[in-house]
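Counting from 1, the numbers follow the sequence of the chain as shown.
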Amino acid sequence: MSKPGSPPDRRSFLTRLNTALASFAAMSGIAMAQKKPTAAANWEPARHEKDDWMDQPSKHRLIFDTTTPEGFGDAVAFAGNFIHVNKSEYAVPSSDLAVVIVARHRSAPFGFNDAMWAKYGMPLAARVSVDDPKTKLPPKMNLYNVAGYGELLRNRGTTLDALIQQGLQLAVCTLSTHGCASVIAQATGGNADTIFSELVANLMSNARMVPAGIVAVGRAQERGYSLVTC
């Protein structure tokens, strides 16, 4: 039997101490790991008044991010499908849906009405690289709001007005619209600020300007919208 304070006793004491310290460290690590997800789960995005238009009463929310003429046309077609199938298969009317198409970068001009295309069709077409598939010339109207093109266009016959009547909203990028105004001003010798104001005054119905399309895409997801990129 070893005497108190003998080497075996000291080794036994040190072994028990090391074991206790290891257990304490392990428990501390578990506690810290458990706290991290809790902090992340409690994170909530800031809300801004200028984005409150997105909070329309709805059962389902969907936002399309478009940056090209082709992508915008696909978004129009898919938005029509979304509205139609919700009504036919789920008995959810369009009034219970929140559907937004963001027009930014090269799709921004499709947020403008026919008057702007008739007046500035050539510089707008040059900026976004699009022609009327029937005439092979720069469009003189908003191609995605005219019937009679069928499979010639990516919207496959679904028009903006038809969707707007069912609640579709358009979010037009301010930054891209400034870009359009500058291109038009260079082509016509006009004033870019004046042209910008003219474009803003001639949006499609149920369209609104947003500070930046990419910001609208992010804000919408923070408010419960599912994202479709076209």
**Prompt:** Of all heavy-atom pairs between V130 and W117, which one has the smallest distance, and what is that distance?
**Reply:** CG1-CH2, 4.4 Å
**Item:** Separation between NZ of K119 and OG1 of T188, rounded to the nearest 0.5 Å
**Value:** 8.5 Å
**Request:** Using a 4.5 Å cut-off on heavy atoms from C-beta on, say whether the side chain of K134 contacts that of L152.
**Result:** yes
**Request:** Step by step, work out the side chain to side chain contact (heavy atoms under 4.5 Å, CB included) result for N191 and E198.
**Result:** CA-CA 11 Å; N191 178 273; E198 184 181 12; over 6 Å; no
**Asked** Take atom CE in M141; do more than 12 heavy atoms of anything else shown fall under 6.0 Å from it?
**Response** yes
**Request:** Flag the pair I164 / N145 as yes when at least one side-chain heavy-atom distance between them is below 4.5 Å, and no otherwise.
**Result:** no
**Prompt:** Under a 4.5 Å cut-off applied to non-hydrogen side-chain atoms, are F64 and L168 in contact?
**Reply:** no
**Asked** After noting the C-alpha distance and the side-chain angles of H48 and V215, does the key distance pass the side chain to side chain contact (heavy atoms under 4.5 Å, CB included) rule?
**Response** CA-CA 12 Å; H48 305 275; V215 174; over 6 Å; no
**Asked** What closest approach, in Å, do A216 and I63 show between heavy atoms, and which atom pair accounts for it?
**Response** O-CD1, 4.1 Å
**Prompt:** Taking all non-hydrogen atoms of both residues, which atom of V102 and which atom of S107 are closest, and how far apart?
**Reply:** O-OG, 4.2 Å
**Prompt:** Is there side-chain contact between T68 and R106, with heavy atoms separated by less than 4.5 Å?
**Reply:** yes
**Prompt:** Just wondering, do T177 and F196 contact through their side chains at under 4.5 Å, heavy atoms?
**Reply:** yes
**Request:** Could you pull out the closest heavy-atom pair between A75 and T66, with the gap in Å?
**Result:** CB-CG2, 3.6 Å
**Prompt:** When you look at L203 and L170, which way does the side chain to side chain contact (heavy atoms under 4.5 Å, CB included) test go after all the steps?
**Reply:** CA-CA 9 Å; L203 298 177; L170 297 177; over 6 Å; no
**Prompt:** Got a salt bridge between K87 and D96, using NZ or NE/NH1/NH2 to carboxylate O under 4.0 Å?
**Reply:** no
**Prompt:** Can D65 and R104 be counted as an ion pair, charged N to O under 4.0 angstrom?
**Reply:** yes
**Prompt:** Crowded around K59 NZ? As in, over 12 foreign heavy atoms under 6.0 Å?
**Reply:** no
**D132 and K140, any side-chain heavy atoms less than 4.5 Å apart** = no
**Prompt:** Rounded to the nearest 0.5 Å, what separation is found between the CG atom of D55 and the CZ atom of R47?
**Reply:** 5.0 Å
**Message:** The test is side chain to side chain contact (heavy atoms under 4.5 Å, CB included); show your working for C180 and Y120 and say whether it passes.
**Reply:** CA-CA 10 Å; C180 290; Y120 300 125; over 6 Å; no
**Asked** Angle class for the F72/F110 ring planes (parallel below 30°, perpendicular above 60°, tilted otherwise)?
**Response** parallel
**Asked** If you take all heavy atoms of A77 and R156, which pair is closest and at what distance?
**Response** CB-NH1, 3.3 Å
**Request:** Could you walk me through whether K136 and D131 pass the salt bridge (charged side-chain N to carboxylate O under 4.0 Å, His left out) test, one step at a time?
**Result:** CA-CA 6 Å; K136 310 302 181 184; D131 284 330; over 6 Å; no
**Non-hydrogen atoms of P133 and L153 that approach each other most closely** = CG-CD2, 3.8 Å
**Prompt:** Would a hydrophobic clustering, with Ile, Leu, Val, Met, Phe, Trp and Tyr connected at side-chain separations under 4.5 Å, put V217 with L175?
**Reply:** no
**S205 OG to D161 CG distance, which is reported to the nearest 0.5 Å** = 5.5 Å
**Complete:** One should read off an interatomic distance between L163 CG and I101 CD1, to the nearest 0.5 angstrom, of 6.5 Å
**Prompt:** With a 4.5 Å heavy-atom cut-off, do Q169 and W53 have their side chains touching?
**Reply:** yes
**Prompt:** Within a strict 4.5 Å, meaning less than it, do heavy atoms of the T159 and Y144 side chains meet?
**Reply:** no
